Amino acid sequence: MGAFHAHFKTTSDRECLGAMMWHHAIASSAWPLISVVEICLRNRSHHAMSALYGNVKSREWYRGGPNDMRLKGGIQGRITELLYRTDDAGNKVVNSIDEFIAATTFGTWVGVLQQLPSDRRFRFTKMAFPEYPMLLDKQAWTAPAKTWLPLIERLERHKSFRDRIAHHAPIWNFPYAPHEGEKRIKPASAGATIISLRQEIQHLRTSLVEMEPGLVDFWDGTAQQKALETLTTLASLNHYMGRDLSPPEAGLATTGTTAHTALKTAE
């Protein structure tokens, strides 16, 4: 509670508990949307890797064979351990490709992509992220800092955000970029926290659109998305903290304008 008290400048335990409940409500609303992105990432990545490594028929690109992807370090060890893991009765946990995809963690997929050879990055992205804007100029892929790395860094942020929610860790101090292209920093105020949360939620939606634009209806207009629009406002935070007991309007601040105004006010 001390961390919430310091960050949100609460004046009582009531306000501090309210800030915690606001935090939990945002995490609960964001989790189903993150899950949609994670499912798309796993499936898209798996199909692309199967095509890249000559295993379109067997699709088992991850076993470390001569034609498979040569994974280094702990990633291959993590996959091998998963393939041979057994339950208490001695039965293998993973018995099919679908079970392998379902059992791997978000971090495993990000780790695999971090090791993808440079000569396969463009083809992978074209298959897994067909709407990625950087695909418009294939020649630009000679400069990974402008093409491949921004995508990987975004996925790394997704993993960090997802893991914080999964492990009930704080998301109110998730780093954000105050302006496009600037270094990411931790929020120093409630207003900055709102900007940070809205920014990461928008980045998650961007990844979904780049992978599966036809599935955007699983995001836009859903109860979770509408809840997040209402929750990520100062009005909602104040309501949870008991500073303003009138409920926030549904759909309040559907753009980032109110959040940016909140930041300026907080500063």
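Since this is a predicted model, take the numbers as computed values, not measurements. The residues of the chain are indexed from 1 along the displayed sequence.
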When you measure from the side chain of [X] to the backbone N and O of [Y], does any donor-acceptor pair fall under 3.5 Å?
X: S236; Y: T232; value: no
X: Q76; Y: Y62; value: yes
X: R42; Y: A102; value: yes
X: N91; Y: D87; value: no
X: Y132; Y: W148; value: no
X: T230; Y: K226; value: yes
X: Q225; Y: G221; value: yes

Does any non-hydrogen side-chain atom of [Y] lie less than 4.5 Å from one of [X]?
X: R70; Y: P117; answer: no
X: E200; Y: R157; answer: yes
X: R198; Y: I195; answer: no
X: Q115; Y: M69; answer: yes
X: R59; Y: M49; answer: no
X: P178; Y: I185; answer: yes
X: W141; Y: S118; answer: no
X: L208; Y: C40; answer: yes

Do other residues, nucleotides or ligands put more than 12 heavy atoms under 6.0 Å from [X] [atom1]?
X: K92; atom1: NZ; result: yes
X: D13; atom1: CG; result: no
X: Q139; atom1: CD; result: no
X: F122; atom1: CZ; result: yes

Do [X] and [Y] share a hydrophobic cluster, counting only Ile, Leu, Val, Met, Phe, Trp and Tyr and linking them when any side-chain heavy atoms are less than 4.5 Å apart?
X: F161; Y: V209; answer: no
X: L237; Y: M1; answer: yes
X: I39; Y: L82; answer: no
X: Y84; Y: I97; answer: yes
X: V216; Y: F218; answer: no

Rounded to the nearest 0.5 Å, how far apart are [atom1] of [X] and [atom2] of [Y]?
X: I165; Y: I34; atom1: CD1; atom2: CD1; value: 3.5 Å
X: M134; Y: L151; atom1: CE; atom2: CG; value: 10.5 Å
X: T125; Y: M211; atom1: OG1; atom2: CE; value: 12.0 Å
X: L155; Y: R162; atom1: CG; atom2: CZ; value: 13.5 Å
X: R205; Y: E210; atom1: CZ; atom2: CD; value: 11.0 Å
X: R14; Y: L17; atom1: CZ; atom2: CG; value: 8.0 Å

Of the non-hydrogen atoms in [X] and [Y], which two are nearest, and what is the gap between them?
X: I171; Y: I26; result: CD1-CG2, 4.0 Å
X: K9; Y: A188; result: NZ-O, 4.3 Å
X: L116; Y: R121; result: O-NE, 3.3 Å
X: A192; Y: Y176; result: CB-OH, 3.5 Å
X: A30; Y: L228; result: CA-CD1, 4.0 Å
X: R120; Y: L52; result: NH1-O, 2.7 Å

Note to self: L231 vs Y240, test: side-chain contact (heavy atoms from CB on, under 4.5 Å). Steps then yes/no.
What the structure shows: CA-CA 10 Å; L231 287 165; Y240 270 81; 3.8 Å; yes
Check: Excluding sequence neighbours, so at least two apart, what forms side-chain contact (heavy atoms from CB on, under 4.5 Å) with D217?
Finding: none
Next item on the list: Classify the ring geometry between F4 and F8 as parallel (under 30°), tilted (30 to 60°) or perpendicular (over 60°).
Entry: parallel
Next item on the list: Hey, can you tell me if W61 and H46 have their rings parallel, tilted or perpendicular (30° and 60° cut-offs)?
Entry: tilted
Checklist line | Worked check of side-chain contact (heavy atoms from CB on, under 4.5 Å) between T206 and R154 | finding: CA-CA 10 Å; T206 295; R154 193 201 309 159; 3.8 Å; yes
Note to self: Could you tell me if H5 and E15 have a donor-acceptor pair between their side chains, going purely by distance under 3.5 Å?
What the structure shows: no
Which donor-acceptor pairs under 3.5 Å do side chains of residues 103-114 form with protein atoms, sequence neighbours excluded?
unit_1 : atom_1 : unit_2 : atom_2 : d
T104   : OG1    : F100   : O      : 3.3
T104   : OG1    : I101   : O      : 2.9
T104   : OG1    : W109   : NE1    : 2.7
T105   : OG1    : T108   : N      : 3.1
T105   : OG1    : T108   : OG1    : 2.9
T108   : OG1    : R78    : NH1    : 3.3
Q114   : NE2    : E156   : OE2    : 2.5

Note to self: Ring of F174, cation from R184 - is the NZ or CZ under 6.0 Å from the centre and inside 45° of the axis?
What the structure shows: yes
Note to self: Set out, in order, the CA-CA distance, both residues' side-chain angles and the distance that settles side-chain contact (heavy atoms from CB on, under 4.5 Å) for T193 and L197, then state yes or no.
What the structure shows: CA-CA 6 Å; T193 287; L197 293 170; 3.9 Å; yes
Next item on the list: Go through N173 and R164 one step at a time and tell me if the side-chain contact (heavy atoms from CB on, under 4.5 Å) criterion holds.
Entry: CA-CA 10 Å; N173 61 358; R164 288 191 183 203; 2.6 Å; yes
